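Every value quoted in this text rests on a predicted model; they were computed, and no experiment measured them. Heads up: numbering here begins at 1 and tracks the sequence.
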Amino acid sequence: MIMEQRIDQKEEKSYLSLRGTPENNHDSFFEWSIGQQTGLSKIQKHGRFGKFYKQSWRQRHIRDMQSQLYFYLSKTASSHVGYGAVFNLEFSPSGKILVAACEDNAIKFYDPLSLRQIHCVPKAHADCVNCVRFLDERTFTSGSDDCTVALWDYRNLRQKVSELKGHRNWVKSIEYSQRTGQLITSAFDGKVYAWDINSYSSEAAKPTELLRLERLMRTRLTPDDNKMILSTSLGYYVIIHDLDLSTLTTDLENFVSDDYYLLLQEKDPKELLDHRSNHVFHQKRNRVELVMDFPPESFPWCISSLVVHPQGWCMMSRFTSEMEDSEWTCVHDIQEDSFNFDKSTVDQQRKNNTPFVPKQRLLYHVSEPNDGRGYIKEISVSPDGRFICSSFGFGIRLLSFDDICRELCDINPKVGESKTLTEKCMLLSHQRTVVTSKFSPTHPILATGCLEGKIVFHEARL
């Protein structure tokens with residue numbers, strides 16, 4: 001099924017010989033292939049998932065070869081962090097640094113190429129460290145159960161650059177808006193804050209509250225900063241299209257998504273006909289959409305893990321059922337172009353205050369093991385967007401959209417015809433439940449962390 005799947009040996013030798021390197025020099029080929037992805041000799045468009053996706057035939061062939069390397073992943077090294085469970089892993093943009101967020105207040109740093117520990121900040125926070133996010137090669141942030149967000153400079157880890165205080169519960173999500181230069185954070189207090197971290201004024205330490213969602217779990221921005229996606233512990237998502245952070249607070253004033261969602265669940269929601277919040281689903285900017293379609297047998301409840309496809313085509317999430325007796329991984333389309341967005345129709349709906357009608361968004365799904373109850377299992381996606389890494393007991397498995405691991409733009413799946421994700425690889429390398437994983441952005445390396453406090457590095461060995 002999985003571990004036995006191999007690409008043709010003749011083809012393997014042909015592309016390895018492009019640089020004349022030994023067959024076991026996997027990093028050289030991966031680095032070489034990244035350097036070859038320049039120029040556009042021929043444009044390819046594949047349905048709605050390829051509308052803004054431009055690649056030459058050469059680039060596409062190289063990406064196909066890169067994806068094959070993940071079939072050769074095997075355990076190469078492991079390390080016990082010594083500070084409780086590993087809750088989050090994050091690579092720097094160059095892939096030269098791996099940061100581990102630890103249960104016992106610490107942050108540890110590894111060189112994923114030499115597979116050794118290089119730094120440790122034992123008391124990075126006053127409580128569990130939940131998430132880490134790089135802003136550039138030297139600047140990163142961390143969020144904690146101590147309700148703070150810390151800004152760090154990797155060149156000087158003896159002290160924080162700044163400590164951002166404002167949340168009243170565990171900080172679980174950190175995003176960075178390239179468009180505005182603002183840090184976007186969310187916590188279990190239900191609030192989404194924006195921080196102007198590039199300002200030197202006294203106001204920089206004061207957050208701007210963008211919105212509040214009582215059952216908020218995770219917050220993500222798409223790569224182009226055009227959408228904000230929020231997952232909840234009530235079994236639905238909120239997508240904000242045509243995102244404008246400067247007006248988000250006023251545009252969504254008095255909107256309570258939980259109340260509207262519960263009214264949508266009723267068989268005859270008459271109260272929605274003249275609901276005061278109908279306009280938020282039709283406005284030109286910061287337009288709201290509720291996503292609420294799932295596999296019939298899943299009974300979604302707490303959507304605790306959320307990631308966005310590298311091209312911004314879809315969102316991947318993992319959630320538990322209402323009775324906490326099952327877990328699922330799902331893929332939902334998030335593109336508005338899928339529905340032939342008609343401005344004249346929207347203008348008419350806005351004028352008539354038409355109630356929101358949920359759309360079908362589900363593309364793929366798969367049932368997951370229900371071990372390690374009470375802990376969040378963070379999923380991750382490969383840099384090419386072809387593989388989803390999901391916790392599977394004491395290991396992980398790689399999931400793809402079809403048997404030959406094509407990109408979504410080649411498959412062009414139909415919304416409303418959900419298919420089961422395909423298992424391509426399973427790696428069992430831990431003694432306790434795996435709760436986090438991360439792909440290197442520049443090398444065929446996958447790092448995983450578990451409740452035992454162990455990090456395992458998996459590399460492609462040809």
Scan for salt bridge (charged side-chain N to carboxylate O under 4.0 Å, His left out) pairs involving [range], sequence neighbours excluded, and state none if there are none.
range	result
residues 83-108	Glu90-Lys438
residues 294-321	Arg318-Glu327, Arg318-Glu368
residues 140-149	none

Under 3.5 Å, side chain of [X] to main-chain N/O of [Y], donor-acceptor pair present?
X	Y	answer
Ser144	His125	no
Arg397	Cys425	no
Lys227	Arg220	no
Thr249	Glu209	yes

Exercise for the section: Among residues two or more places apart or on two chains, list those pairs meeting ring-ring contact (aromatic ring centres under 6.0 Å, His included) that have a residue in residues 246-266. Expected result: Tyr236-Tyr261, Phe255-Phe281, Tyr260-His275, Tyr260-Phe281
Practice task
Provide the full list of ring-ring contact (aromatic ring centres under 6.0 Å, His included) pairs with a residue in residues 156-189, sequence neighbours left out, each pair given once.
Solution key: His167-Tyr193
Ion pair [X]/[Y], N-O distance below 4.0 Å:
X	Y	answer
Arg361	Asp293	no
Asp242	Arg287	yes
Lys191	Asp189	no

With sequence neighbours left out, what residues match [X] under side-chain hydrogen bond (donor to acceptor under 3.5 Å, both in side chains)?
X	result
Asn286	Thr247, Asp251
Thr141	none
Glu417	none

Problem - Aromatic plane relationship, Trp328 with His365 - under 30° parallel, 30 to 60° tilted, over 60° perpendicular - result: tilted
Exercise for the section: Hey, can you tell me if Phe439 and Tyr70 have their rings parallel, tilted or perpendicular (30° and 60° cut-offs)? Expected result: perpendicular
What residues, two or more places apart in sequence or in another chain, satisfy salt bridge (charged side-chain N to carboxylate O under 4.0 Å, His left out) together with [X]?
X	answer
Arg212	none
Lys160	Glu163
Arg158	none
Asp244	none

Handout entry: Polar contact flag, side-chain donor to acceptor under 3.5 angstrom, Ser79-Tyr110
Key = yes
Problem - Side chains of Thr139 and Trp152, donor plus acceptor under 3.5 Å - result: no
Practice task
Kindly say whether the aromatic ring centers of His332 and Tyr364 come within a distance under 6.0 Å.
Solution key: no
